[in-house]
Number of protein chains: 2
Amino acid sequence: MIQSLARGLEILDLLEQAEGDIGIMEFARYLDVDKSSASRLLQTLASYGYVEQNPDTRRFRLGPRVVVLSNRVLNRMPLRDHAHPFLRQLTDVTGECSHLAILSQGKALYIDQYQTPSILRVETEIGTLSPLHCTALGKVLLAFVGVPSELTLTPYTPRTIGDAETLRVHLDQVRRQGFAIDDEEHVAGVRCIAAPVYNFGKKVIAAIGISGPAGRVTLDNLPLLKQQVIATAEDLSRRLGSGLF
Amino acid sequence: MIQSLARGLEILDLLEQAEGDIGIMEFARYLDVDKSSASRLLQTLASYGYVEQNPDTRRFRLGPRVVVLSNRVLNRMPLRDHAHPFLRQLTDVTGECSHLAILSQGKALYIDQYQTPSILRVETEIGTLSPLHCTALGKVLLAFVGVPSELTLTPYTPRTIGDAETLRVHLDQVRRQGFAIDDEEHVAGVRCIAAPVYNFGKKVIAAIGISGPAGRVTLDNLPLLKQQVIATAEDLSRRLGSGLF
DNA sequence: CAACAATGTTGCATGATACGCAACTCGATT
DNA sequence: AATCGAGTTGCGTATCATGCAACATTGTTG
């Protein structure tokens, strides 16, 4: 492990977590190094465009360079190419925003989406990391890909599953029924449905699903919406060479 | 400048430029270091999620962490929030995809877009870096923000401006008329129109424009489309507090 | 307005770490 | 089975990252 490089990356991680711009002294405290060391690390990151210094406040924020790298990452995901028409189709038939996520960094990383034309919509942007235990996409990834070693059951709404045993039983059910639901467990007023996406090796590599306001994604029309999500997930899995369906 | 950190960032830059995955030996040659040094740098980047190693081929690619950072950068751009409704409006009235770009890394960095429902469309993804001398957005940024110290006039089509003096005269005209056109200068069959976006300090901070197939964005309907782009740019500038319009 | 405090930058000596070398592992090739 | 190339690991050493001090800049206080 190269300590100086690790410190630079920790700076980027801190900036990703931060609410606003950060000054040298705060970086020095966070990294437990002298302020002169922190200053040199930030200068290096800035010269490559990974951070920017506000000339007025002298504080730092993430730089635009990562936007370019991210575009490259997303453009090199064959799964995204294959999945995009299925996301559009899923949004067309359900009228809700659809999303595609993979397990990454201990969370559900949204890598694509398709927006509904509806004015009232539930949309999660590409690049978002969502918790696994209380989102539909997340629970699918937990059930079918595996549970990361550290899983914190942070409560988000009164409906969030809060203990490990209840979650375990619930994930058994998700595996049996082949889909997951987020019934206002992550965000009040929002309900989601998701199903697993298999690759040619019959392994689950992603989850696909829809999100909508609870007033539209009601418990009454859930069976129909569920069927549409599962059908799309199976179609996409077939497209990826999975012989399971 | 911290050498180890700089090397790590150069690795990320190399991976951004690369066509495919890269092995340790190639990194070592590129950085002019021993293969064991390259290996340790890559291990550090991998442990923070900035690169991934393919377990089968042992070669590396950019990791998903940058997707999260990028999302954060884009979400913290007030300009994007303000501009999005204007992009939608511009697409609605013109029927073409609209884009928003800023000057970054010596190029035009696309930070937002709005897609036309048309099946035939010209769309540039967020995170794309486009050349300045032969795109409409790029020429607006050159004319109104400034010319970077190094500007390479790479030819892309027979219509690309190839010498500095012709470009200089052309940019004078762009400044006078208040908009720029890409008349199949970057991609054959594609025509674009862009105009500058001013902030409250009366400085140009971005360019906004539309792109379409040359068969639809014809020289005949250019005057109307041009007016719609300029009007939207002025509306957005006014929204950002510019007193110029 | 002067004094003070906090933040940030730069020069420099020093020792901790990054580096290169050698040895090893592993998979592909002959 | 032997060889080769790529990648990893152990280790000694030299280079560079680090902290300290001094300085510069900006904001705050009396």
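All of these numbers come straight from a predicted model, not from anything done at the bench. Residue numbering restarts at 1 for every chain, and letters A, B, ... go by the order of the sequence lines.
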> Please determine if B:Arg176 and B:Asp172 form a salt bridge, counting it only when a charged side-chain N lies under 4.0 Å from a carboxylate O.
no
> Got B:Leu240 and B:Tyr198 here, is their nearest side-chain heavy-atom distance under 4.5 Å?
no
> Whole angstrom is fine here: how far is it from CG in B:Asp56 over to C1' in C:dA28?
14 Å
> How long is the line joining CD1 of A:Ile11 and C1' of D:dA17, in whole Å?
13 Å
> Let me see the working for B:His133 and B:Lys139 under side chain to side chain donor-acceptor pair (under 3.5 Å), right down to the final yes or no.
CA-CA 6 Å; B:His133 64 296; B:Lys139 287 190 283 186; over 6 Å; no
> Using the closest heavy atom to pick a nucleotide of DNA chain C for each, name whichever of A:Gly23 or A:Ile2 lands nearer the 5' end.
A:Gly23
> Send over the distance from B:Ile22 CD1 to D:dA6 P, rounded to a whole Å.
14 Å
> So what does B:Gln53 touch, heavy atoms closer than 4.0 Å: a base, only the sugar-phosphate, or nothing?
sugar-phosphate
> Using OP1 and OP2 only, check whether a side-chain N or O of B:Ser37 sits under 4.0 Å from C:dA18.
no
> Taking donor-acceptor contacts at under 3.5 Å, does the side chain of B:Ser36 reach the base of C:dG20?
yes
> Just how far, in rounded Å, is P of D:dG19 from CG of A:Leu31?
10 Å
> Both A:Met25 and B:Asp32 contact DNA chain C. Which one's nearest nucleotide lies toward the 5' end?
A:Met25
> Of the listed nucleotides (C:dG20, C:dA18, C:dG8), which one gets closest to any side-chain atom of B:Ser4?
C:dA18
> Over how many whole Å does the gap from B:Phe27 atom CZ to D:dG7 atom C1' extend?
13 Å
> Looking at B:Glu26 and B:Arg29, is any side-chain nitrogen of the basic one under 4.0 Å from a carboxylate oxygen of the acidic one?
no
> For A:Asp34 and C:dG11, what is the distance between atoms CG and P respectively, to the nearest whole Å?
16 Å
> D:dG10 P sits how many Å from B:Gln43 CD, rounded?
11 Å
> Which residue, A:Lys35 or A:Arg58, contacts DNA chain D at a nucleotide closer to its 5' end, judged by nearest heavy atom?
A:Lys35
> Can you tell me the distance, in whole Å, between the CG atom of A:Leu5 and the P atom of D:dA17?
11 Å
> From the list D:dT8, C:dG20, C:dT17, which nucleotide is the closest neighbour of the side chain of B:Ile24?
D:dT8
> Kindly say whether B:Leu87 contributes a backbone atom to a donor-acceptor pair with the side chain of B:Ser98 at under 3.5 angstrom?
yes
